[in-house]
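Contents: one structure, followed by commentary.
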There are 2 protein chains.
Amino acid sequence: MATAAKVLTSRRSRRKGNLYDAQCPSRIVLDHVTSRWGSLVLLVLIDGTQRFSELGRAIGGVSEKMLAQTLQTLEADGLLLRTVYPTIPPKVEYSLTRLGTEAALHIRTLTNWVEDNVSTVMQFRSKRGGLQK
Amino acid sequence: MATAAKVLTSRRSRRKGNLYDAQCPSRIVLDHVTSRWGSLVLLVLIDGTQRFSELGRAIGGVSEKMLAQTLQTLEADGLLLRTVYPTIPPKVEYSLTRLGTEAALHIRTLTNWVEDNVSTVMQFRSKRGGLQK
DNA sequence: CGGTATCCAGCGCGATACTG
DNA sequence: CAGTATCGCGCTGGATACCG
């Protein structure tokens, strides 16, 4: 139906950016804050400044490589601040910027909702008897 | 310092689930709703019921395989409802459940925030001159 | 139309080793 | 301590073909 197609088109054009494109900046930033380790870093840093190794221990199960990569990305996005103390041994602290704090609070809202509703979801899944993936 | 470790421990135990474990149900559900195509499906369905091919066209760039897989996952999670009309040609409609609507609105809040702030992030990135990944 | 089945290329990510 | 460099495997996901 042409009408249905038209409705869809108008719906799409109403959106500000289009997250539908993988190259879209919004999509990229969204991927950063919702990524496996990105979201956890943001959540941990809500509680305050942390050092590199503290972050690693607090999160758990993250390799140094992925932690460093994640931190670089979030810093480049302006979501967190990296402070280097030129001492021996070296000491580097990470904290949220204003932008990062906003992002982190949104992530926390989302994760809180998930945690509040996960039992409902799991009941649903077990009834269906499958797809425990 | 032992104290720092203690603080961290107490911080972690304060959380309800621990998203830090990849096998944690909460983490899995979070991955589903924030996944590449999962979030887009939820956003599109806020506007109302859609057929399989309509979803595909509305989202754009998604393969049939990934769309089907995403829809199965979200249906298994109880986030969306799949209605099959046994006609020829077949017709299948997808709509959000109450749970799915809640999730979708949270996703929309997050994506709206990202779109509102993406310009700030991009300015930040271009100043730094690198990491356009 | 609305899927499933199969194949396989790319790269995300962990493991390991090394550095200032 | 806080990383970077390199290698290799595993799984995600796209392309293609087929089905009810």
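A note on names: the letters A, B, ... follow the listed sequences, proteins ahead of strands, and every chain is numbered from 1.
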Quickly work out the [X] [atom1] to [N] [atom2] distance and round it to whole Å.
X       : N      : atom1 : atom2 : value
B:Leu55 : C:dG2  : CG    : C1'   : 12 Å
A:Leu67 : D:dA2  : CG    : P     : 10 Å
B:Ile88 : D:dC19 : CD1   : P     : 17 Å
B:Phe52 : C:dG2  : CZ    : P     : 8 Å
A:Arg36 : C:dG14 : CZ    : P     : 9 Å
B:Glu75 : C:dG3  : CD    : C1'   : 13 Å
A:Ile59 : D:dA2  : CD1   : C1'   : 15 Å
B:Arg57 : C:dG2  : CZ    : P     : 9 Å

Determine whether A:Phe124 and A:Thr120 satisfy the following criterion, side-chain contact (heavy atoms from CB on, under 4.5 Å), listing intermediate values before the conclusion. CA-CA 6 Å; A:Phe124 213 94; A:Thr120 310; 5.8 Å; no
Mind running side-chain contact (heavy atoms from CB on, under 4.5 Å) on A:Leu45 and A:Tyr94 for me, showing each step along the way? CA-CA 8 Å; A:Leu45 287 179; A:Tyr94 294 89; 4.2 Å; yes
Measure from the side-chain N and O atoms of A:Glu54 to the backbone N and O of A:Arg51, and report whether any donor-acceptor pair falls under 3.5 Å. yes
For B:Leu79, is there any backbone N or O sitting under 3.5 Å from a side-chain donor or acceptor partner on B:Thr97? yes
So how far off straight is the helix from C:dC1-D:dG20 to C:dG20-D:dC1, going by the axes through five pairs at either end, to 10°? 50°
Is there a path from A:Leu67 to A:Val84 through hydrophobic residues (I, L, V, M, F, W, Y) whose side chains come within less than 4.5 Å of each other? yes
Starting from A:Ile46, can I reach A:Ile107 by hopping between I/L/V/M/F/W/Y residues whose side chains sit under 4.5 Å apart? yes
5′-ward residue of the pair A:Glu64/B:Pro90 relative to DNA chain D: A:Glu64
Between [options], which one does the side chain of [X] approach most closely?
X       : options              : answer
A:Pro89 : D:dG3, D:dC1, D:dG14 : D:dC1
B:Ala68 : D:dG3, C:dG2, C:dT4  : C:dT4
B:Arg51 : C:dC1, C:dT4, D:dG14 : C:dC1

Counting the atoms with a prime plus P, OP1 and OP2 as sugar-phosphate, which does B:Tyr85 contact under 4.0 Å by heavy atoms, base, sugar-phosphate, or nothing? nothing
If you assign each of B:Ser53 and B:Lys65 to its closest nucleotide in DNA chain C, which residue comes earlier from the 5' end? B:Ser53
Stepwise side-chain contact (heavy atoms from CB on, under 4.5 Å) test for B:Leu99 and A:Asn117: CA-CA 8 Å; B:Leu99 208 60; A:Asn117 291 275; 3.4 Å; yes
Check whether any side-chain nitrogen or oxygen of A:Gln72 sits under 4.0 Å from OP1 or OP2 of D:dT4, and answer yes or no. yes
